[in-house]
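Notes follow once the structure below has been shown.
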There are 2 protein chains.
Amino acid sequence: MHYDAESLPPDPFDELLGYHLRRLSVLVMADLAAALAPFGLKPAEASVLFMIGQGGVQTQSDIGRALGIQRANMAPLIAGLIKRGLLARERVDGRSQALTLSAAGFEISRKAWAATKAHEDRMFGTLSDPEREALLARVRGLWR
Amino acid sequence: MHYDAESLPPDPFDELLGYHLRRLSVLVMADLAAALAPFGLKPAEASVLFMIGQGGVQTQSDIGRALGIQRANMAPLIAGLIKRGLLARERVDGRSQALTLSAAGFEISRKAWAATKAHEDRMFGTLSDPEREALLARVRGLWR
DNA sequence: TATTGTTATACTCTATAACTATA
DNA sequence: TATAGTTATAGAGTATAACAATA
């Protein structure tokens, strides 16, 4: 067929920030998943452990809201971590329970945190500290 | 249980660039999907149209490699676009066929491109042009 | 031998709806 | 009425394996 090339740029993806964000995110997630696999943790599970490790009274609904995970998907995730002895529940009221790390859960979250930091250095270590900090602030600001 | 809070930072996610990249990417993809839905296109389908619109001889394997989509998943994607009359095949050799945009495919990809650009402005318009360009270059460089 | 295109299939992640128990 | 937690389920998106046809 015939068409005028004016309407689409010669390399459309070069100007699409969303496209490059996605490609980078996929790459980063794959590396993170591999970094956490030795501990039997998926990224979402590690995130939950990190969240609970912050301390304070947090129900699984609170955590789901903070991490963008729906209640329906939190249920089996939390149940799995409890079954593995990494989390425990503490009664808040009749319908809510605060989640706390067990000793084993604390230990594994420490190791997972170290692995996550190493992963981040692997992914972003080519940037200088100020560049990395600026990128973090920018990306954080764009969604939050 | 009891533990020393030293080993995990008070707000662990504040320093995790990968986490914020993912949250932003999810947000951006959702907005893009909504922006393309009126044309009956998913982001991956629009990407394929943009790719073909660049011109040059491109097989579906070429496009899959460039976009990070596996051959097995390209097959039904391309078949759908052909069935809708947006793409046509041209023989290259016995096992490869170059993909070209039909007139309808060109028209819809023009509209999808305009919608994509509007979407990008919606997502990233709060940044100044130099900031946006710097972010694009940085993110692109980190995965490519 | 390697590559293209295809089919079938499985797995993960995410979304929706409905239900209970409680506030 | 609204919320917490659960269950079941459906839909994307993506991954692997195998195959025929061709290079």
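The chains referred to below are lettered A, B, ... by the order of the sequence lines, with proteins before strands, and numbering in each begins at 1.
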Please evaluate the base of C/dT22 for a donor-acceptor partner in the side chain of A/R95 within a cut-off of under 3.5 Å? yes
Below 3.5 Å, does any donor atom in the side chain of B/N73 face an acceptor in the base of D/dA15, or the other way round? yes
Find which nucleotide of DNA chain C each of A/P43 and B/R89 is nearest to by heavy atoms, and output the residue with the more 5' nucleotide. B/R89
Figure out the [atom1]/[atom2] separation between [X] and [N], and round it to whole Å.
{"X": "B/L67", "N": "D/dT14", "atom1": "CG", "atom2": "C1'", "result": "15 Å"}
{"X": "A/R71", "N": "D/dA8", "atom1": "CZ", "atom2": "P", "result": "17 Å"}
{"X": "B/Q58", "N": "C/dT3", "atom1": "CD", "atom2": "P", "result": "19 Å"}
{"X": "B/M74", "N": "C/dG5", "atom1": "CE", "atom2": "C1'", "result": "11 Å"}
{"X": "B/Q97", "N": "C/dT3", "atom1": "CD", "atom2": "P", "result": "19 Å"}
{"X": "B/L77", "N": "D/dG13", "atom1": "CG", "atom2": "P", "result": "9 Å"}
{"X": "A/R91", "N": "C/dA23", "atom1": "CZ", "atom2": "P", "result": "6 Å"}
{"X": "B/Q70", "N": "D/dA17", "atom1": "CD", "atom2": "C1'", "result": "11 Å"}

Please determine whether a side-chain nitrogen or oxygen atom of B/S96 lies at a distance below 4.0 Å from atom OP1 or OP2 of D/dT22. no
Looking at the side chain of B/A72, which of D/dA8, C/dA8, D/dA4 is the nearest nucleotide? C/dA8
Measure from the side-chain heavy atoms of A/A75 and tell me the nearest of C/dT4, D/dT7, C/dC13. D/dT7
Donor + acceptor pair across side chains of A/R89, A/Q60 (<3.5 Å): yes
Over 12 non-hydrogen atoms of neighbours within 6.0 angstrom of CG in B/D93: yes
Salt bridge check: are A/K117 and A/E120 linked by an N-O gap of less than 4.0 Å? no
Evaluate A/L81 against A/R84 for side chain to side chain contact (heavy atoms under 4.5 Å, CB included), listing each step before the verdict. CA-CA 5 Å; A/L81 294 174; A/R84 290 157 65 188; 4.0 Å; yes
Heavy-atom nearest nucleotide on DNA chain D for A/T59 versus A/R22: which residue maps closer to 5'? A/T59
Answer with base, sugar-phosphate or nothing: what part of the nucleic acid does A/A79 contact at a heavy-atom distance below 4.0 Å? nothing
Is there a side chain to side chain contact (heavy atoms under 4.5 Å, CB included) between B/V139 and A/H20? Walk through the geometry before answering. CA-CA 6 Å; B/V139 171; A/H20 295 286; 3.8 Å; yes
